Amino acid sequence: MGLTRNLKELCMLQKEEEEHGKTKILLIKESEKLQFALGEIEVLSKQLERERRVFEKTLASVKSKALKESTKKDKLISKCNEIESHILKQEDILNGKENEIKALQHFITRQKQVLKSQVSDLNIQKQQECYIVRVLDKKQKKGLK
């Protein structure tokens, strides 16, 4: 009985050693897979970090450009407002000048009418004086005769 028992134990031990060997091989294979996966993770992590740096650099550049464009836009709006204000002032001045021109034209029209009236009155007065001179001339000539 002792020998059978030893044989059984020996067989079991041999079986355990075979199972242990299989497990060891499986462990080695899984360790290799794990190492490979860890290597891929490292490569991907480095790639992700590079891409993150590129993204952040690009983002910073875009933000900077956007700020410059925004500042440029604000300056242009300010310049447009200045120009618009200047145009409004010039329009006010122009309207004032146009009103002044209209007033002067009205004054000139009135003056023309006054002068025409004066010329007409002077012509009538001249004709009256001429008539009086002729009448007096005739009376004088009649009185001498």
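Treat the numbers as computed from the prediction; the structure is a model and nothing was measured. Below, all heavy atoms of this structure are taken into account, side chains as well, without hydrogens, waters or symmetry copies.
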*Qualifying residues under side-chain hydrogen bond (donor to acceptor under 3.5 Å, both in side chains), relative to Glu51, sequence neighbours excluded*: Gln47
*Any chance you could measure Lys73, atom NZ, to Thr71, atom OG1, to the nearest 0.5 Å?*
9.5 Å
*Report yes if the side chains of Lys89 and Asp92 come closer than 4.5 Å at any heavy-atom pair, otherwise no.*
no
*asked:* Is the shortest side-chain heavy-atom distance between Lys63 and Leu67 below 4.5 Å?
replied: no
_Looking at Ala60, is its backbone amide N or carbonyl O close enough to the side chain of Ser64 to form a donor-acceptor pair, meaning the two atoms are under 3.5 Å apart?_
no
_Can you pull out every salt bridge (charged side-chain N to carboxylate O under 4.0 Å, His left out) where at least one residue sits in residues 23-44? Sequence neighbours excluded, please._
Glu30-Lys33, Glu42-Lys46
*Could you check Thr109, Ile108, Leu115 and say which one makes a side-chain contact (heavy atoms from CB on, under 4.5 Å) with Lys112?*
Ile108
*Heavy-atom side-chain contact between Gln35 and Leu38 under 4.5 Å*: yes
*Glu91 side, atom CD; Glu84 side, atom CD - distance, nearest 0.5 Å*: 9.5 Å
_Which residues pass the side-chain hydrogen bond (donor to acceptor under 3.5 Å, both in side chains) test with Gln127, not counting sequence neighbours?_
none
*Would you check, one step at a time, whether the test side-chain contact (heavy atoms from CB on, under 4.5 Å) holds for Glu100 with Lys97?*
CA-CA 5 Å; Glu100 192 177 330; Lys97 296 292 182 182; 4.2 Å; yes
*So how far is it from Ile87 CD1 to Leu94 CG, rounded to the nearest 0.5 Å?*
12.5 Å
*4.5 Å side-chain heavy-atom contact, Ile132 and Leu136*: yes
_Working to the nearest 0.5 angstrom, can you tell me the gap between Glu19 CD and Glu16 CD?_
9.0 Å
*Arg52: side-chain hydrogen bond (donor to acceptor under 3.5 Å, both in side chains) partners, not counting sequence neighbours*: Glu49, Glu56
*Could you identify which residues cluster with Val135, counting Ile, Leu, Val, Met, Phe, Trp and Tyr as linked when any side-chain heavy atoms lie under 4.5 Å apart, either directly or through a chain of such contacts?*
Tyr131
*Residues in side-chain hydrogen bond (donor to acceptor under 3.5 Å, both in side chains) contact with Glu129, at least two apart in sequence or another chain*: Gln125
_To the closest 0.5 Å, what do you measure between CZ (Arg53) and CG (Leu48)?_
10.0 Å
*So, Thr58 side chain and Val54 main chain: donor-acceptor pair closer than 3.5 Å or not?*
yes
*From His20 NE2 over to Ile25 CD1, what is the distance, rounded to the nearest 0.5 angstrom?*
10.5 Å
*Taking the side chain from Ser45 and the backbone from Ile41, do they hold a donor-acceptor pair closer than 3.5 Å?*
yes
